[in-house]
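Notes follow the structure.
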Amino acid sequence: MSRILAYGETLCCAAADVGELTWDSVRHFGEAVRRHKLLTKQCLEAGNRSLLVVAVFGLFVGLILVLYGADQLQRFGQQKFIGLTGLAIVVEFGPVFTAFILAGRIGSAYAAEIGTMRVSEEIDALHSMGVNPVAYLASPRLIACMLLTPALVIFADFFAMLGGAFMAWVSVRVTPNQFFQLFWQHLTVEEMTRSMVKAVAFGAIIAITGCYHGFKTTGGAEGVGRSTTQSVVHSLLAILVADYFISKLLLAI
Amino acid sequence: MGRKVLVGFVLLGALFIFGLATFYVENLQFYLGKGYRLKARFPIAQTLDKGDIVRLAGVPVGTVEKLTVDTELDTPNPVEATLWIEDQYQIREKDVAIIKISTLFGGNYISIRRGDPEAAVLQNGDEIPTTEVAPSITQVIQQSTDTMEEISSAFEDVRSVVDDIREGKGALGKLMKDDEFYDNLNATVSEAREAVSSLKKASDRLEKGEGVLGKLLMDDKMAQDVQTITADARDLAASLKSISADLENGRGAIGQMLKDETLYSDLKESINTIKETAELFKDGKGVLPQLLQDEEMAADLKALTTDARDVASNLREVSQKLEEGQGSLGQLLSSDEAYQKLVSSLDDLNEFTASMAKGEGTLGKLMKDEKLYKQVSQLVDDLQAMLDTYRDQSPVISLAGAVFGAF
């Protein structure tokens with residue numbers, strides 16, 4: 001019983017820390033914007049350097065989805081509707097898989113970077129210099145992730161659609177024209193909005209999880225590695241859980 | 001530490017409640033706005049569920065907030081649905097709430113069909129009076145199946161007809177197979193076309209008022225005449241009706257004939273008599289049938305006729321002579337002297353009869369003397385017997401005599 005209580009206490013403390021970190025980060029958005037060079041650097045780090053991996057990832061997601069989707073639809077003779085796979089990419093697969101990629105690449109980097117600063121007492125040095133470490137480290141990262149995750153999702157969607165159209169043409173002889181025509185016929189602004197809202201939320205989750213584990217790093221290099229791993233695992237879990245609830249809420253609205 | 005735990009607990013609790021709420025929230029957009037609630041009662045809810053959309057003219061205007069069912073057996077519409085409608089949309093008394101199928105895969109929604117636009121607007125808590133339930137997918141499938149069976153049956157009939165045609169049965173089959181039939185039909189069609197052409201001409205003539213029928217149709221005078229004839233016919237019918245009434249009542253000769261049994265029996269008797277007479281004729285019994293049937297008698301009759309003609313000629317000659325005053329009778333007719341002589345003779349005759357009455361002379365004695373009378377009577381009887389014998393022996397002569405006597 002005491003162990004359960006101990007786990008509960010740890011969980012509640014972690015939740016309070018995450019809440020506090022999130023609130024502090026948001027509170028210092030203005031400070032982060034004023035330090036625009038730092039913000040730009042984070043944006044380049046999160047955005048530009050992720051383009052290739054996101055493009056390749058998106059392309060193959062499109063190929064795989066259409067490959068299986070076409071196979072299933074062909075059983076019912078409805079392969080002409082393969083263009084509707086694009087809606088699944090835009091609404092669900094684009095934001096979620098892009099967030100997975102960013103969690104692996106950016107979230108882990110944040111945890112490692114800040115964790116290293118924590119174990120090397122650089123964060124304490126910032127404190128001693130009168131610099132708020134959350135405003136200096138977490139806020140720009142949070143803004144960069146929240147801004148660039150939607151952009152990367154659109155980029156991933158684009159490549160996924162290209163891959164999907166190519167696979168539709170190759171597998172079930174549905175021309176790219178037919179594929180995109182059906183896709184644009186059924187794509188609505190509401191669905192695009194849902195996709196973007198998810199992307200912003202996932203970006204925030206990635207940044208906060210990475211920063212939280214970075215700030216909580218203890219135990220030297222080993223601790224940095226552990227924090228990095230935990231950051232990725234917790235980010236992925238949080239993204240999936242949040243995906244469900246956000247989707248449910250957005251569909252209800 | 002305690003404050004931190006509490007903050008974390010509250011945060012986790014808030015997230016939990018938010019997550020839990022998402023399981024129960026449907027069509028949140030309707031709950032976020034302002035609206036009012038209406039009730040609608042249905043006989044069956046089908047698969048309608050809480051949170052399903054309410055559409056007005058296809059536009060989502062609300063949601064099904066609550067569904068309850070009344071367990072009373074005699075309630076015609078036991079299902080009560082509470083509908084949440086956005087404030088900006090007005091539902092009126094004459095509008096109809098219909099449960100419809102969303103998709104072929106199931107699901108329902110409530111469609112509001114507009115009724116009278118002048119009807120009163122329903123307020124919060126009011127009930128939509130008129131409701132309907134569209135057929136379910138199962139019913140639609142059942143109806144489709146029935147329809148398909150009927151179509152299939154119809155196709156069977158069509159196939160049978162086609163087979164008959166293919167085998168050359170019936171008019172259509174013969175038309176397809178039999179050239180002669182086709183030629184006949186073709187000829188008939190040509191004749192029909194000509195007939196139609198003739199009819200067209202006739203109708204043109206009628207339109208122009210030509211001919212009797214045309215005049216009848218177009219001429220007002222003739223129409224009046226026809227009207228008069230009709231009136232006369234009506235009168236005639238009335239008269240006939242009156243006559244029939246008289247006949248029915250047994251008035252008049254024919255009426256009595258119809259009604260009076262005695263007359264009928266008399267008539268029947270007369271007919272029987274005629275029949276018997278006809279049979280006599282047929283059998284050749286009696287004088288007249290023999291006259292008609294016996295060739296020998298006909299020859300005699302012919303000879304008799306010739307004789308009669310000769311007698312007539314003689315009579316004409318005699319009458320001519322009488323006219324010319326030839327002979328005794330002629331002189332009697334034309335000469336006064338002869339007349340005087342005749343008067344004198346009659347006077348002598350008077351004297352003679354007076355003497356006879358007195359029983360003078362032979363004839364007087366014949367009249368007065370009983371004995372002489374008996375003798376003469378005996379003589380007459382003998383003479384009669386002799387004449388009968390003669391008549392039996394010669395009937396033809398007797399008949400000729402009779403005919404001659406007629407002339």
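Throughout, a chain's letter reflects where its sequence line sits, starting with A, and its residues are numbered from 1.
- Applying the 6.0 Å contact sphere to OH of Tyr244(A) captures more than 12 heavy atoms from other residues, nucleotides or ligands.
- Around CD of Gln72(A), the count of heavy atoms belonging to other residues, nucleotides or ligands within 6.0 Å exceeds 12.
- Annotation for Cys13(A) and Val5(B): closest pair SG-CG2, 3.6 Å, computed over non-hydrogen atoms.
- Heavy-atom neighbours of chain B within the stretch residues 14-29 of chain A, taken at a separation under 4.5 angstrom, comprise Ala15(A), Ala16(A), Asp17(A), Gly19(A).
- Counting heavy-atom neighbours within 6.0 Å of Gln185(A) CD, excluding the residue itself, gives a total above 12.
- Taking the side chain as every heavy atom from C-beta outward, Phe18(B) and Leu249(A) approach each other to under 4.5 Å.
- Sparse packing is recorded around CZ of Phe9(B), with 12 or fewer heavy atoms of other residues, nucleotides or ligands lying under 6.0 Å away.
- Residues passing the ring-ring contact (aromatic ring centres under 6.0 Å, His included) test with Phe183(A), sequence neighbours excluded: none.
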